[in-house]
Structure formats: C-alpha cells, structure tokens
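Input: a single structure, listed below in structure tokens.
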Amino acid sequence: MKWWHCLIIYVVANGISLIPAGFNGDEAFYNNFEQPGLAPPDWMFAPVWFINNVTSLIGLYTIVNLPADTHRRSSVIWAEGISWVLYATFAILYFGMKSPVLGAVNTAIGLLLTILSVAWSYRISRKAAWMFAPRLAWLLLATYVSAWIALKNRDIFLEIGPFID
C-alpha cells in the first residue's frame, strides 16, 4: 500500500459522506433531536473525524504493509474496509434517509469492528492498534449517543419511535 492509496480512501469516503449532509440543506438535523447530556456539539464531528480518519489510515497502512502471511492481517484489513464503508454511508442513513435508528446500527457495527481491529492489531502491530484507538474512544461515545437518540426520537424513514419517553 502506498500513501496515495490512503488519500484515495479518504477522498472517496468523505466525498460519499458529504453528499446527504452537505448538500440537502439539513445540516442541523442532528440538533433537532432530543439528546443526552454527553452529546457532543455538531461542530465537533468534523475535526474529530478528521483525526480519526488520519489515524485509522495510518493504522491500516501499517497493517497492509506487514507480510501477507501475518496472522490476523487479512482480518484487520476486512474489518477496516467495512469500517470505511460504514463511515462513508453513515450520512446517507442518518441525514439523507433521516433515520437515527439506522444511524445507531451503523455506529454500533462500526464500534464492534473497531474493537476487533484494535484487538487483532495489538498482537501484530501495537502502532496500528494505537492508531485505531482514537476512533475506538470516539465510537464508544458515539454509540451511546446514537442509541440514546434512536430510542428517544422519532425515526422518519422507518416510521417508528420514540421507544422511550
């Protein structure tokens, strides 16, 4: 893997994720929900995800460039590949389809895959595991917040909820 492969992943994933949130005029959709006290402000998402993306790409680059027969290398690559698809499609589900439930499911699956990436990477490259750690920390918070929002608010796309008052 070359550095520019990471750049392509970054540009494609962020390009896809910008479409619903950036161009449909509904950037404040997140702010319209009843939210838990721990919910980060909307302005925080862009810088945090920039850091998460850069560190995750460094981790992926590190893992991909290990010898092909390295134990769990391919598992981490698959987990990271699916994580990038989840990242790219989150905005489509949450903002485009206006579905906090699908957004919460996406986030929870991303958390699970990140836990696996950290655990599997730790044995073969501690550097890579530490590069995935910021995303793990963020997704722990994001999964709590997104599940809370999904349970406490109406899902327009699925026409369900709120599940708790």
Side-chain angles (χ1 to χ4, degrees), residues 1-23 27 29-30 38-150 157:
M1 180 178 224
K2 306 289 185 204
W3 69 267
W4 53 269
H5 292 122
C6 295
L7 183 61
I8 290 170
I9 293 168
Y10 179 84
V11 169
V12 169
N14 281 283
I16 292 168
S17 73
L18 277 175
I19 295 167
F23 301 111
E27 297 82 5
F29 182 66
Y30 171 78
L38 290 175
D42 60 356
W43 61 264
M44 187 178 274
F45 287 84
V48 167
W49 273 110
F50 175 75
I51 292 166
N52 288 338
N53 288 339
V54 169
T55 57
S56 293
L57 286 168
I58 293 169
L60 178 60
Y61 178 87
T62 302
I63 294 296
V64 169
N65 287 308
L66 291 173
D69 62 345
T70 302
H71 182 66
R72 290 285 187 196
R73 175 185 172 270
S74 62
S75 298
V76 176
I77 293 168
W78 272 102
E80 287 301 296
I82 296 168
S83 292
W84 278 99
V85 170
L86 290 170
Y87 171 76
T89 58
F90 175 83
I92 294 166
L93 300 172
Y94 191 80
F95 294 102
M97 297 168 67
K98 298 191 178 353
S99 180
V101 171
L102 295 178
V105 169
N106 176 294
T107 303
I109 295 169
L111 173 61
L112 175 63
L113 290 169
T114 302
I115 290 168
L116 292 173
S117 287
V118 170
W120 290 335
S121 296
Y122 191 77
R123 293 179 177 220
I124 58 176
S125 171
R126 291 205 170 109
K127 174 187 175 182
W130 281 109
M131 291 294 104
F132 299 136
R135 189 176 81 223
L136 175 60
W138 180 257
L139 286 176
L140 284 167
L141 173 63
T143 300
Y144 164 74
V145 171
S146 65
W148 196 97
I149 289 172
F157 178 74

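Counting begins at 1 with the first residue of the sequence.
Judged as a ring pair (Phe, Tyr, Trp, His ring centres under 6.0 Å), and not counting sequence neighbours, the contacts of Y87 are W49, W84. Not counting sequence neighbours, the partners of P41 by the side-chain contact (heavy atoms from CB on, under 4.5 Å) test are W43, M44. Every residue meeting the side-chain contact (heavy atoms from CB on, under 4.5 Å) condition with A133, not counting sequence neighbours, appears here in chain and number order: W130. Qualifying side-chain contact (heavy atoms from CB on, under 4.5 Å) partners for F50, counting only residues two or more places apart in sequence or in other chains: Y10, V54.
Here the side chains of L93 and K98 are not in contact, with every heavy-atom distance at 4.5 Å or above. With contacts defined as side-chain heavy-atom distances shorter than 4.5 Å, the pair I115/V118 does not qualify. Between R135 and S83 the shortest side-chain heavy-atom distance falls below 4.5 Å. Side-chain atoms of L60 and C6, non-hydrogen and from C-beta on, never get closer than 4.5 Å to each other. A heavy-atom distance below 4.5 Å is found between the side chains of I92 and I16.
Heavy-atom contacts from other residues, nucleotides or ligands closer than 6.0 Å to CZ of F45 number more than 12.
Closest heavy-atom contact between R72 and I124: C-CD1, 4.3 Å. Nearest heavy-atom pair across P134 and T55 is CG-OG1, 3.9 Å. Scanning all heavy atoms of the two residues, the minimum distance from A91 to S17 falls at CB-O, 3.1 Å. Taking both residues in full, the closest heavy atoms of S117 and E80 are given as OG-OE2, 2.6 Å, listed atom of the first, atom of the second, then distance.
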Throw together a table of side-chain donor-acceptor distances under 3.5 angstrom for residues 136-150, partners on residues two or more places apart or in other chains.
| from | atom 1 | to | atom 2 | distance (Å) |
| --- | --- | --- | --- | --- |
| T143 | OG1 | L139 | O | 2.7 |
| S146 | OG | A142 | O | 2.9 |
| S146 | OG | T143 | O | 3.3 |

Distance-only criterion, 3.5 Å: show the donor-acceptor pairs between side-chain atoms of residues 99-108 and protein atoms not counting sequence neighbours.
| from | atom 1 | to | atom 2 | distance (Å) |
| --- | --- | --- | --- | --- |
| S99 | OG | L102 | N | 3.1 |
| S99 | OG | D155 | OD1 | 3.3 |
| S99 | OG | D155 | OD2 | 2.6 |
| N106 | ND2 | L86 | O | 3.1 |
| T107 | OG1 | G103 | O | 2.8 |

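The distance from the CZ atom of F132 to the CG atom of L57 is 9.0 Å, given to the nearest 0.5 Å. To the nearest 0.5 Å, atom CE of residue M1 and atom CD1 of residue I77 are 8.5 Å apart.
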